[in-house]
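Reading through the structure tokens given below for one structure.
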Amino acid sequence: MIHNRSLMNRNLLVKEFRVNTLSLTVWLLLICFFVAFTMAFYPMFIENQSQFMGLLNLFPADIFEFKGVSNFDDLFSVLGFYAANNTVYMQLFGSIYAIVLGSNILLKEEYNKTADFLLSRPLTRSDAYLTKAAVMIINILILNIIVILVGCVAIEFVKTESYSFQSYLILSFYTLLLNLLFGFAGLFLSTLIKRARPITTLGIGIVLFMYFLYTISKITADAEKLGYISPYKFVDANVLNPDYSLNPWYVLYFAGLTACLAIAAFFIYRQKDIYA
Amino acid sequence: MEQPVIRIKDLTRYYGKSKGIEHVNLSINQGEIFGFIGPNGAGKSTTIRILLNLIFPTGGSAEIMGMDVIKESKKIKNLTGYIPSDANAYENMTAGAFLRYCSRFYSSGNSDRKIRELTVLFDLDTKRKIADLSRGNRKKVAIIQSLVHNPKLLILDEPTTGLDPLMQERFFDLLRKENHNGMTIFFSSHVLSEVQLLCERIAIIKAGNIIKIEHIDTLRKKQLKKVFIEFEENLTSDIINIKGIENIMQNTGNMLSFVYSGDINDLIVKLSGKKLMNMTIEEPSLEEIFMHYYK
């Protein structure tokens, strides 16, 4: 079926979604397992609070600040424990998933030499780009939504007191924005590659480097400004702050940067020479 | 006057400083089977990739059925089939699933019947995964996918690579049948003999430039052959001066190798008084044909 007026191609969308289902499932199982596994330790952590507190006091007070833990007491609330221990799975592994997906979804057609078959169909470059970008967004959304649900269920199972569900959702929303940013960063990078080859390692390297920069900036005063290079700086994980809310500037940062990458990738891909 | 199906005007493409094609001009008519021949790296694939909007020209323009290949590529591709020279289909799909996937891009309706007909014709097992198919069977998949939507124009880039002689024959018969039904065919190859079998006109491209556009009948009249003769005695000037002997490649002692232009029977008659030890007559290579045209 031809879709002359549609911005996306349903045939390609369905096929791409099927192709990416396996890797989405593997990443989902991996991250959900880590989330559930980590939360299973929370009851033991609470039971042995005094011993853990003694152990934690051996560290500098701001050692876990990069995880949104401004004091050690935060770790004993269920949301603080979740933010300190589980957020990393989605912010790091989720971002790696997103950048790997984004960097391969268009480029694989070139390095697998299938681009000739795809782009000789009645399909504009815009159709191909928008369809593939949509598949990427849908996959990232599914990953985030399911992990949010699994995290929520895990918290409900182990909690000993109430927690702010709104704060949990805000933290998860930041994570989604971060994942989308890395997804489009991967897509953008892939459009810059002239002679097609997989750039998975480069993508993973970028995520790890950004996380490293952010971590260094949080634990070393001299490197504080370096943190502004990393998007992790703009994920507010301080969920136990009574005034915790979505920072509109941070949201604007993510939305603006993601839009810039998406638009730049779109225009580059429309003019890109495709070699198979 | 009827509009050409493909019209290429001063088409130029540079890769950095190196030339891909330069000032290519072609006009291919409705219902024609047009051969596009040249050695590897001559610019055949560059021209085809521009026609399909896979790469962009640095100069000139190209139209298919009156539509600009860049601005109206979607409409063009709905009417065009393409067999790439060296492309892979999705390895995890079965041949059948891939062909159905390809056909769903088009507005031409149910293509299942066409897929069935062609898979029977080419004896292709559609249940096998593409990853498990031989090179020849992958080429069959490429051929079938190009025809599932009954295109008006078929662009072929080295389409017979990997096909065995029987399948090549079936493929050529199919092309003749489709052409008889009105399909225009743009056939790119470096094998002159297969182009000669099928095409009405040919363009010869070398180093990015079209050096000759010739009607196939004119080419046939030239009847170029590569000849090697070993005589019992040393060569004499009367042999070398025989009319039609061109591009002498070897002329030592009693051996002579050359390109002969003309009726080969005339040559045999002229050599009838000479004692030969050995003689071979074969198709000249493209390079040898180019040398002929460069003269």
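Order of the sequence lines fixes the chain letters, A, B, ..., with proteins taken first and strands second; residue numbering starts at 1 for each chain.
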Atom pair [atom1]/[atom2] of [X] and [Y] - distance to nearest 0.5 Å:
X	Y	atom1	atom2	answer
A/T124	B/K75	OG1	NZ	12.5 Å
B/S73	A/L119	OG	CG	9.0 Å
A/L123	B/F105	CG	CZ	5.5 Å
B/I130	A/T114	CD1	OG1	10.5 Å

- [ ] Check whether A/R270 gets within reach of chain B through its side chain, its backbone, both or neither, counting any heavy atom under 4.5 Å.
- [x] backbone
Task: Contact origin within B/R100 toward chain A - heavy atom pairs under 4.5 Å - done: neither
TODO: Side chain from CB out, backbone as N, CA, C, O: work out which of these in B/Y101 comes under 4.5 Å of a heavy atom of chain A, or both, or neither.
DONE: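 Both parts, heavy atoms under 4.5 Å.
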Open item on the list: Which residues pass the side chain to side chain donor-acceptor pair (under 3.5 Å) test with B/E194, not counting sequence neighbours?
Closed with: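 Here the qualifying residues are B/T160, B/S189.
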- [ ] Would you name the heavy atoms of B/R104 and A/N11 that are closest together and state the gap between them?
- [x]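 Between these two residues, the closest heavy atoms are NE-OD1, 3.1 Å.
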Task: Worked check of side chain to side chain contact (heavy atoms under 4.5 Å, CB included) between A/R121 and B/Y106 - done: CA-CA 8 Å; A/R121 307 289 141 211; B/Y106 300 96; 2.7 Å; yes
Open item on the list: Could you tell me if B/R49 and A/Y275 have a donor-acceptor pair between their side chains, going purely by distance under 3.5 Å?
Closed with: no
- [ ] State which residue, out of B/F98, B/Y82, B/Y90, fulfils the ring-ring contact (aromatic ring centres under 6.0 Å, His included) condition with A/F117.
- [x] B/F98
- [ ] Against chain A, work out which of B/I76, B/L54, B/N92 has the most heavy-atom pairs shorter than 4.5 Å and name it.
- [x]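 Going by pairs under 4.5 Å, I would pick B/L54.
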Task: Residues from residues 171-187 of chain B approaching chain A under 4.5 Å (heavy atoms) - done: none
